[in-house]
Amino acid sequence: MSETWIILGASSAMARALARSLAADGHELLLCGRDADDLARDAADLRLRGAALAEVMAFDTRDPDSFAPIIARAEAAGGVVNVAVFAGSMPPQEAVESDPALLDGVVTDNFAAAARFLLHIAPLMESRGAGSVVGVGSVAGDRGRIGNYVYGAAKAGFHTFLSGHRNRMARKGVHVMTVKPGFVDTAMTWGLEGMFLVASPSDVARDIRKGLRKKRNVIYTPIFWTLIMLIIRMIPERIFKKLQI
Ligand SMILES: NC(=O)c1ccc[n+]([C@@H]2O[C@H](COP(=O)([O-])OP(=O)(O)OC[C@H]3O[C@@H](n4cnc5c(N)ncnc54)[C@H](OP(=O)(O)O)[C@@H]3O)[C@@H](O)[C@H]2O)c1
């Protein structure tokens with residue numbers, strides 16, 4: 001049976017790496033994002049790499065009207081429908097503190113838009129009785145830190161949504177996997193200070209493919225973040241509130 005992958009935020013370096021891996025296996029790809037020209041170049045490349053189909057579709061987290069055409073296109077493709085969510089934004093915490101109105105956009109980009117899209121497409125995925133959702137959250141969602149707790153709170157909301165969505169969709173044969181990357185070398189982190197153990201986008205894509213094969217529910221990528229975040233989550237609040245991490 002054919003498999004269509006809807007990739008939301010397809011211009012993310014991690015999304016591009018996953019798309020290359022999926023193309024090599026002959027999947028059908030819908031590259032969804034804001035920059036059509038940029039994604040069209042990717043689509044041409046992905047077809048050469050083996051994608052059965054690679055099409056560009058407009059997607060803007062701030063424009064819910066952009067969601068329905070993507071869902072309709074996936075429905076028309078037939079077969080199994082999969083969704084990978086990479087879209088997200090991370091303005092500096094200080095910028096949000098200076099202008100709290102920015103919070104709405106952070107919540108929309110990292111949580112609300114993806115959750116809304118996934119709720120819209122859920123009946124289609126359920127009707128096909130198979131498929132996967134890959135939701136990219138972040139280790140930042142595991143604990144609110146002084147440096148980026150607005151972004152972290154949005155990711156935490158997305159994690160909780162995905163947990164419930166997994167609970168719902170598993171009953172109809174749909175696998176929902178939460179992906180929590182640590183630091184990854186992408187446009188989002190370019191020039192940021194204090195990063196360590198930085199992974200490449202292809203490392204993340206490889207871990208996602210592995211997690212999908214093994215039907216994992218939640219993965220940290222690279223895997224050592226499982227231990228780092230276990231320790232960070234265990235630090236008592238009275239100590240954590242004094243830390244600058
Ligand atoms: N890099 C890291 O260290 C790291 C760590 C943990 C989690 N993450 C998460 O990983 C995901 C991918 O991020 P990345 O690191 O690859 O950074 P990125 O290159 O900045 O990717 C972010 C993606 O989100 C898209 N996006 C932003 N605002 C959007 C909007 N209003 N509508 C539609 N798309 C929008 C961007 O599209 P445009 O190209 O149009 O801007 C881009 O495709 C994000 O969810 C991020 O939070 C990243």
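As the structure lists them, so they are numbered: ligands from 1, and atoms in each ligand from 1.
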Carboxylate-amine/guanidinium proximity below 4.0 Å for Arg216 and Asp207
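Salt bridge between Arg216 and Asp207, a charged N being under 4.0 Å from a carboxylate O: no.
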Are Lys155 and Asp142 close enough for a salt bridge, meaning some N to O gap below 4.0 Å?
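The answer is no: the pair does not qualify as a salt bridge.
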If you take the nearest heavy atom of each of [options], which one is closest to [atom]?
| atom | options | result |
| --- | --- | --- |
| atom 7 (C) of ligand 1 | Gly105, Ala87, Gly137 | Gly137 |
| atom 1 (N) of ligand 1 | Thr186, Leu8, Val106, Asp35 | Thr186 |
| atom 43 (O) of ligand 1 | Cys32, Ser138, Gly88, Ser11 | Ser11 |
| atom 4 (C) of ligand 1 | Arg62, Lys180, Arg34, Met14 | Met14 |

Sub-4.0 Å atoms of ligand 1 with respect to non-hydrogen atoms of [X]:
| X | value |
| --- | --- |
| Gly9 | 43 (O) |
| Gly182 | 3 (O), 4 (C), 5 (C), 6 (C) |
| Asp109 | 31 (N) |
| Ala187 | 19 (O) |
| Tyr151 | 7 (C), 8 (N), 9 (C), 46 (C), 47 (O) |
| Val136 | 9 (C), 10 (O), 11 (C) |
| Phe183 | 3 (O) |
| Phe59 | 33 (C) |

Rounded to the nearest 0.5 Å, what separation is found between the CG atom of Asp25 and the CD atom of Glu3?
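So the gap between those two atoms works out to 9.5 Å.
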With under 30° as parallel and over 60° as perpendicular, where do the rings of Phe158 and Phe111 fit, or are they tilted in between?
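The arrangement is tilted - the two ring planes meet at 30° to 60°.
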So Phe183 and Trp225, would you call those rings parallel, tilted or perpendicular, with 30° and 60° as cut-offs?
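The arrangement is perpendicular - the two ring planes meet at more than 60°.
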Quick one: does [X]'s side chain have a donor or acceptor within less than 3.5 Å of a partner on [Y]'s backbone?
| X | Y | value |
| --- | --- | --- |
| Arg143 | Ile232 | yes |
| Arg145 | Ile245 | yes |
| Ser163 | His159 | no |
| Thr189 | Leu192 | no |
| Asn110 | Ser89 | yes |
| Arg128 | Val81 | no |

Can you report which non-hydrogen protein atom sits closest to [atom], along with the distance?
| atom | value |
| --- | --- |
| atom 44 (C) of ligand 1 | Phe86 O, 3.0 Å |
| atom 3 (O) of ligand 1 | Val184 N, 2.8 Å |
| atom 17 (O) of ligand 1 | Met188 CB, 3.3 Å |
| atom 16 (O) of ligand 1 | Ser12 OG, 2.8 Å |

Which part of Thr61 is near ligand 1, with near meaning a heavy atom under 4.0 Å away: side chain, backbone, both or neither?
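Both the backbone and the side chain of Thr61 come within reach of ligand 1.
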Answer with side chain, backbone, both or neither: which part of Lys155 has a heavy atom less than 4.0 angstrom from an atom of ligand 1?
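Only the side chain of Lys155 comes within reach of ligand 1.
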Can a non-hydrogen atom of [X] be found less than 4.0 Å from any atom of ligand 1?
| X | value |
| --- | --- |
| Ala13 | yes |
| Pro201 | no |
| Met90 | no |

Decide yes or no on side chain to side chain contact (heavy atoms under 4.5 Å, CB included) for Asn148 and Met90, but give the supporting numbers first.
CA-CA 8 Å; Asn148 68 352; Met90 188 177 69; 4.2 Å; yes
Taking atom types as modelled and ignoring hydrogens, do the side chains of Thr4 and Arg73 form a donor-acceptor contact shorter than 3.5 angstrom?
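Per modelled atom types, Thr4 and Arg73 side chains form no pair under 3.5 Å.
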